[in-house]
Amino acid sequence: MTTLTDPSLFQTSSFINNEWVDHQDDQLEVINPSTNQIIAKVSDSTRSDAEDAVNAAQKAFKYWSGFTAKERASVLQKWFQLILENTEDLAKIMTLEQGKPISEARNEIIYGASFIEFYAEECKRVLGNIIPTVDKSRRLFTYKQAIGVVGCITPWNFPNAMITRKAAPALAAGCTVVIKPDPKTPLSALALCELAKRAGLPSGVLNVVAGTDSQGIGEVLTQHPSIAKFTFTGSTATGKILMAQCAKSIKKVSLELGGNAPFIVFNDANIDEAVEHCIATKFRNCGQTCVCTNRIYVQNDVIDNFVSKLKTGISKLKVADGFDEEATIGPMIDRKAVEKMDSFMLDAKSNGAAVLLGGKRHALGGFFYEPTLLINTSKNMRILNEEIFGPIAAVESFSSEEEVIAEANSTNYGLAAYFFTRDIGRVMRLSESLEYGIVCSNSGVFSTEVAPFGGWKQSGIGSEGGKEGIQDFYETKFHSMGGINT
Ligand code: ADP
């Protein structure tokens, strides 16, 4: 077991009303996906813990939302600093429970913290309006008020940043939060609570309920009368269930769901750069992100060159335990994820795909899967229609711009899209034609706290990051003030 400089960051109980709530007899096991060994037993919280957490958050709301924006910002800035000071320990905890290479874990801690810094600043600049009046005896204006208690459900692929991306704007706005992390990765969430407590976040403002009863805890976070807003990151299938639950009491809902990102390479592109970014967007986090490249389209006359360079690049990836400093690909999250890759491969091969690299479980065993490259795929294959969420890359050819735009848009998803071309007119045409919330030209790098991240179609509702990311945590109040001339 890796050692931490500060072992008190390794918390194993839910965090409710600034207290660690332990159920000695009911524990969930957290597994290191690199070794398949149990690394922690975490108190398995229940529906009733979630109710306690919502009640604590409700009680804390009036106090916290009564702070000035500057006062809230000062606590959040302390939290931000403490996270940065503890980057190495937080990264180790993440690699232990999630498996990602330690270098990616360190980057996620810094990325996650950036939302706290950004919203600590941004909450001071959330403004209302003064509206020209329609009646001389009245004045019209709007202002923003924190919406109330926010329920959050987060996934295992970014165990830190998916929490801060929701909690930071919510807390900055004056809301209080109850978070259910994925039971596979509760430790990163609980470590954040320890630092929030040290930063001076008042009791009940931030609560984390870790438990295997996702449905029970989820029902509380989507249906409890004190929850004003619900925000979720995860699969589209689960998002639909949770949105339906929220409908019963008309809760405000934000969803960050699945993707099916196209990566399009035109014949005038810089092929070396396209290959480099294709590998980065396809294989980051072992292909387990909602913005990972899912379908690769390359123009006919450059496809051989592209595929040959892609093959060379993929062969250089190092599959290893995340704690190996050289690792670029860690394990998949669990056995179910590996089995899904097996079933994609069976489907692709039986329908005529050719395997240029990988295509099977890795010799390291456990949940490791070989980085895989396929060609000769066809439109009916599952890998071109479903979110792969794993290290399989499939390359398709195309002939015209019109054809590839139609192909890229032929999905119910609409999160991220990537394309490479040096034609400036085409850059703008694609930017406007792709039905995606995020488009990236000539680069696969885009994640930042200063810009909105959100999906179209069945990829989601709302945005996280940027000035947009805080708006949903407020209600707008319109005040019509009369009696001015009397
Ligand atoms: P994945 O399939 O990648 O694990 P999910 O959408 O199932 O993605 O999970 C994302 C988050 O949603 C996790 O925290 C998980 O525990 C939670 N979750 C899954 N099913 C439900 C449910 N029915 N109610 C509430 N939360 C759920």
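Basis for what follows: all heavy atoms, side chains included, without hydrogens, waters or symmetry-related copies. Just so you know, residue 1 is the first one in the sequence shown, and it goes up from there. For ligands, and for the atoms within them, numbers begin at 1 and follow the listed sequence.
Protein heavy atom closest to atom 3 (O) of ligand 1, with residue, atom name and distance, is Trp156 NE1, 3.5 Å. Protein heavy atom in closest approach to atom 13 (C) of ligand 1: Asp182 OD2, 3.2 Å. For atom 17 (C) of ligand 1, the nearest protein heavy atom (residue, atom name, distance) is Ile153 CG2, 3.7 Å. Protein heavy atom in closest approach to atom 16 (O) of ligand 1: Lys180 NZ, 2.8 Å. The closest protein non-hydrogen atom to atom 20 (N) of ligand 1 is Thr238 CG2, 3.5 Å.
Residue Ser235 places at least one N or O, backbone or side chain, under 3.5 Å from an N or O of ligand 1.
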Handout entry: side-chain hydrogen bond (donor to acceptor under 3.5 Å, both in side chains) evaluation trace for Lys166 with Thr233
Key = CA-CA 9 Å; Lys166 296 181 187 307; Thr233 298; 2.8 Å; yes
Exercise for the section: For side-chain hydrogen bond (donor to acceptor under 3.5 Å, both in side chains), just list the numbers for Gln245 and Thr222, CA-CA rounded to whole Å, side-chain angles, deciding distance to a tenth of an Å, and then say yes or no. Expected result: CA-CA 6 Å; Gln245 288 175 195; Thr222 51; 2.8 Å; yes
Handout entry: Thr238 and Ser235: CA distance, side-chain angles, deciding distance, side-chain hydrogen bond (donor to acceptor under 3.5 Å, both in side chains) verdict
Key = CA-CA 5 Å; Thr238 303; Ser235 64; 3.0 Å; yes
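Below 4.0 Å from some heavy atom of Gly218 lie the following atoms of ligand 1, by number and element: 25 (C). Near Leu242, meaning under 4.0 Å from any of its heavy atoms, are these atoms of ligand 1: 24 (N), 25 (C).
For atom 23 (N) of ligand 1, the nearest non-hydrogen atom from the set Lys184, Lys336, Gln215 comes from Gln215. Residue Ser214 holds the heavy atom nearest to atom 24 (N) of ligand 1 of all those in Cys290, Gly216, Gly234, Ser214.
Residue contacts with ligand 1 for Thr154 involve N, CA, C or O but no side-chain atom from C-beta outward (heavy atoms, distance under 4.0 Å). If you look at Pro183 next to ligand 1, the close heavy atoms, those under 4.0 Å, all belong to the side chain.
Under the ring-ring contact (aromatic ring centres under 6.0 Å, His included) rule, His277 has a single partner from Phe263, Phe283, Phe420, which is Phe420.
Taking 4.0 Å as the cut-off, Phe389 does not count as a neighbour of ligand 1 on heavy-atom distance.
In this pair, Tyr111 and Phe115 present their aromatic rings perpendicular. The plane angle is above 60°, beyond the 30 to 60° band. Using the six-membered ring where Trp is involved, Phe368 and His362 have ring planes that are tilted, between 30° and 60° apart.
Taking the six-membered ring for Trp and the full ring otherwise, Trp20 and Phe15 have centroids separated by under 6.0 Å.
To the nearest 0.5 Å, atom CD1 of residue Ile296 and atom CG of residue Leu373 are 7.5 Å apart.
Asp89 and Asp6 get closest at one heavy-atom pair: OD2-N, 2.7 Å.
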